[in-house]
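Worksheet: the structure to be examined is printed underneath.
Side-chain atoms are counted along with the backbone in the values below, which use heavy atoms only and exclude waters and symmetry mates.
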Amino acid sequence: MVRSMLSVEPGTITVTGLDKSFGQHPVLRGIDLHVAPRTVVALLGPSGCGKTTLLRTIAGLERPDHGSIEVSGGVVVGPSAWVAPERRRIGMVFQDWALFPHLDVAGNVGYGLPRKQRTAERIEAALEIVDLGGLAKRMPGTLSGGQQQRVALARAIAPGPSVLLLDEPFSNLDSSLRVQVRSEIHQLLVEVGVTTVFVTHDQDEAFVLGDEVAVMFEGQIVQIAKPADLYAHPATPWVAGFVGDANLLDGSADGDVARTAIGAVPLLTATHGAVTVLLRPEELRLTPGGDTIVELIEYYGHDTIYLVQLAMGPLVRVRVGGAPQHRRGDLVTVAYAGPPTVWYPERGVETRGPRLSP
Ligand code: ATP
């Protein structure tokens, strides 16, 4: 009943042609991004690629040099438009949560509300949404890391924003708590159905929480896709390696098959000539005997990674479920057992930065 006091109307975000430099240093370069209602988009990229700057620009904490931003159909940034951050109906949760230690939970949640709306009922409604009903009088220091994170979320949700922006929301938590809090927040975002953009450099986090993942590199969005599409069809060799373990093997294509050092590999699209193909470690199989040597074994409990040296090729990573079935020094054969895979023009496969797909 209390919850119904607080309605979260899921909004949209449309970013077009956004450029931003700090001094001579371009940080955002021609960013286009559309976030549909109730969608969670993860901005994933290495440190310094501009993720936080993009989030802060959407929030109105940075002014872009060019480009426009619409929130729920209204232009908040444009050639002749500038809507102040507090009028954008955006909730933001920062990396460090930024709770005031001297204010109780209610004081922290109420802080973001205009005075007239700062009622106990409204604060309780926000706390109920994040499953912290009844904790209004507690001080932040007496709460667990996960609870503090949810207070920060309640504060962002309390004014009824149309979109939520989260900057590295789990980076303050140690690794065991991180997984638990991530699941809790995931459940909350699904329940509340609020349109969300969050920043992370952690692929697991992006894949678990994101309906879509936008991969950024040096101020650009290199690819945006649903996690499973991104993993199976990365646009560049660099993206392939950034979103998971990737073997990139040279071969020679003849239609929809490439001949490689491990044999025939089916291709997603037909081509001819020199190519580099993507082989995910879990799509490879090992059988005893052959001329490939097991160099290293890493056992993870649920599966085992083998690093194997091909007789006529590079080291390859192979992931097999369960406990190790081979030993170091064993001779084996590797074969590809996965679906048709993506290919890139051979050589100069650039794994350090993006290069656009063929
Ligand atoms: P991280 O994951 O490390 O937080 P990020 O992808 O979020 O990185 P940003 O924080 O957006 O990256 O920073 C992008 C670049 O812009 C970096 O080189 C950073 O040093 C620079 N930068 C960010 N804010 C400013 C600022 N206010 N003044 C000058 N340079 C800045």
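Within the cation-pi definition used here (under 6.0 Å to the ring centroid, within 45° of the axis), R88 qualifies as a partner of W82. Within the cation-pi definition used here (under 6.0 Å to the ring centroid, within 45° of the axis), R280 qualifies as a partner of Y231.
With respect to the salt-bridge test (charged N to carboxylate O, under 4.0 angstrom), the residues E283 and R319 do not qualify.
Taking hydrophobic clusters as Ile, Leu, Val, Met, Phe, Trp and Tyr residues chained together by side-chain heavy-atom distances below 4.5 Å, L268 shares a cluster with Y344. Each of V151 and M139 belongs to its own hydrophobic cluster when Ile, Leu, Val, Met, Phe, Trp and Tyr are linked at side-chain heavy-atom distances under 4.5 angstrom. Each of L278 and L307 belongs to its own hydrophobic cluster when Ile, Leu, Val, Met, Phe, Trp and Tyr are linked at side-chain heavy-atom distances under 4.5 angstrom. Tracing side-chain contacts under 4.5 Å through hydrophobic residues (I, L, V, M, F, W, Y), one reaches V83 starting from L54; they form part of the same cluster. Both L188 and L132 are assigned to one and the same hydrophobic cluster, defined by single-linkage of ILVMFWY side chains at heavy-atom distances under 4.5 Å.
Checked by atom type and distance alone, the side chain of Q148 pairs as donor or acceptor with a backbone atom of L143 at under 3.5 Å. Although no hydrogens or angles enter the test, the distance criterion places no donor-acceptor pair under 3.5 Å between the side chain of R38 and the main chain of T195. Side chain of Q309 to backbone of G313: a donor-acceptor contact under 3.5 angstrom is found. A side-chain donor-acceptor contact under 3.5 Å links T304 to the backbone of G322. A donor-acceptor pair is defined here as one N or O able to donate and one able to accept, closer than 3.5 Å; no such pair exists between the side chain of W343 and the backbone of L267. Of the possible donor and acceptor atoms, none in the side chain of R56 sits under 3.5 Å from a partner among the backbone N and O of G60. Between the side chain of R118 and the backbone N or O of G110 there is at least one donor-acceptor pair closer than 3.5 Å. Not a single donor-acceptor pair under 3.5 Å links the side chain of S21 to the backbone N or O of Q24. Side-chain N or O atoms of D330 include none that pairs as donor or acceptor with a backbone N or O of V294 at under 3.5 Å. Within the 3.5 Å criterion, the main-chain N or O of A225 finds no donor-acceptor partner in the side chain of D229.
Between the side chains of Q223 and H233, no donor N or O sits under 3.5 Å from an acceptor N or O. Defined by atom type and a distance below 3.5 Å, a donor-acceptor pair is present between the side-chain atoms of T276 and D250. Side-chain contact check for T200 and E205: at least one donor-acceptor pair (N or O, by modelled atom type) lies under 3.5 Å.
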| request: Run the numbers on T39 and D211 for side-chain hydrogen bond (donor to acceptor under 3.5 Å, both in side chains), then give the verdict. | output: CA-CA 6 Å; T39 305; D211 298 311; 4.9 Å; no
| field | Verdict with supporting geometry, I123 and T119, side chain to side chain contact (heavy atoms under 4.5 Å, CB included) | value | CA-CA 6 Å; I123 290 168; T119 60; over 6 Å; no
| task | Determine, stepwise, if the pair S162 / S72 fulfils side-chain hydrogen bond (donor to acceptor under 3.5 Å, both in side chains). | result | CA-CA 7 Å; S162 64; S72 305; 3.2 Å; yes
| task | Start with the C-alpha gap between F207 and L230, add the side-chain angles, then the distance that decides, and say whether side chain to side chain contact (heavy atoms under 4.5 Å, CB included) holds. | result | CA-CA 10 Å; F207 276 33; L230 190 63; 4.0 Å; yes
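Rounding to the nearest 0.5 angstrom, the gap separating the CD1 atom in I305 from the CD1 atom in I297 is 11.5 Å. Taken to the nearest 0.5 Å, the CG atom of L284 stands 5.5 Å off from the CG atom of L279. Residue I157 holds its CD1 atom at 11.5 Å from CZ of R150, rounded to the nearest 0.5 Å. Of the inter-residue distances, the one linking D104 atom CG with L99 atom CG reads 11.5 Å to the nearest 0.5 angstrom. Interatomic distance, L209 CG to F198 CZ, rounded to the nearest 0.5 Å: 4.5 Å. How far CG of L18 is from NE2 of H66: 10.5 Å, rounded to the nearest 0.5 Å.
For Y111, the ring-ring contact (aromatic ring centres under 6.0 Å, His included) criterion is met by F100, not counting sequence neighbours. Partners of E295 according to the salt bridge (charged side-chain N to carboxylate O under 4.0 Å, His left out) rule, which considers only residues two or more places apart in sequence or in another chain, do not exist here. In terms of the side chain to side chain contact (heavy atoms under 4.5 Å, CB included) criterion, residue partners of A59 (sequence neighbours excluded) are, by chain and number, L61, M92, L165.
At least one side-chain heavy atom of L286 sits under 4.5 Å from a side-chain heavy atom of V334. Taking 4.5 Å as the limit, every side-chain heavy atom of F94 sits out of range of all side-chain heavy atoms of P169. Side-chain contact check for T14 versus T16: some heavy-atom pair is nearer than 4.5 Å. Counting heavy atoms from C-beta on, the side chains of K20 and R29 never come closer than 4.5 Å. Side-chain contact between H272 and D254 is present, with at least one heavy-atom pair separated by less than 4.5 Å. For the pair V222/F242, no side-chain contact is recorded, criterion being any heavy-atom separation below 4.5 Å from C-beta on. Within the 4.5 Å cutoff, side-chain heavy atoms of I293 are placed close to those of L331. Using a 4.5 Å cut-off on side-chain heavy atoms (C-beta onward), L315 and V308 make no contact.
In plain terms, the two heavy atoms of L55 and L43 that are nearest each other are CD1-CD1, 4.4 Å. Contact between L248 and P237 at its shortest, heavy atoms only, is CD1-CB, 3.9 Å. Of all non-hydrogen atoms in G50 and V27, the two that sit nearest each other are CA-CG1, 3.9 Å. Nearest heavy-atom pair across Y306 and H326 is OH-N, 3.4 Å. A154 approaches L127 most closely through the heavy-atom pair CB-CD2, 4.1 Å. A246 approaches A240 most closely through the heavy-atom pair CB-O, 3.7 Å.
Shown here is Q187, whose CD atom has no more than 12 heavy atoms of other residues, nucleotides or ligands within 6.0 Å.
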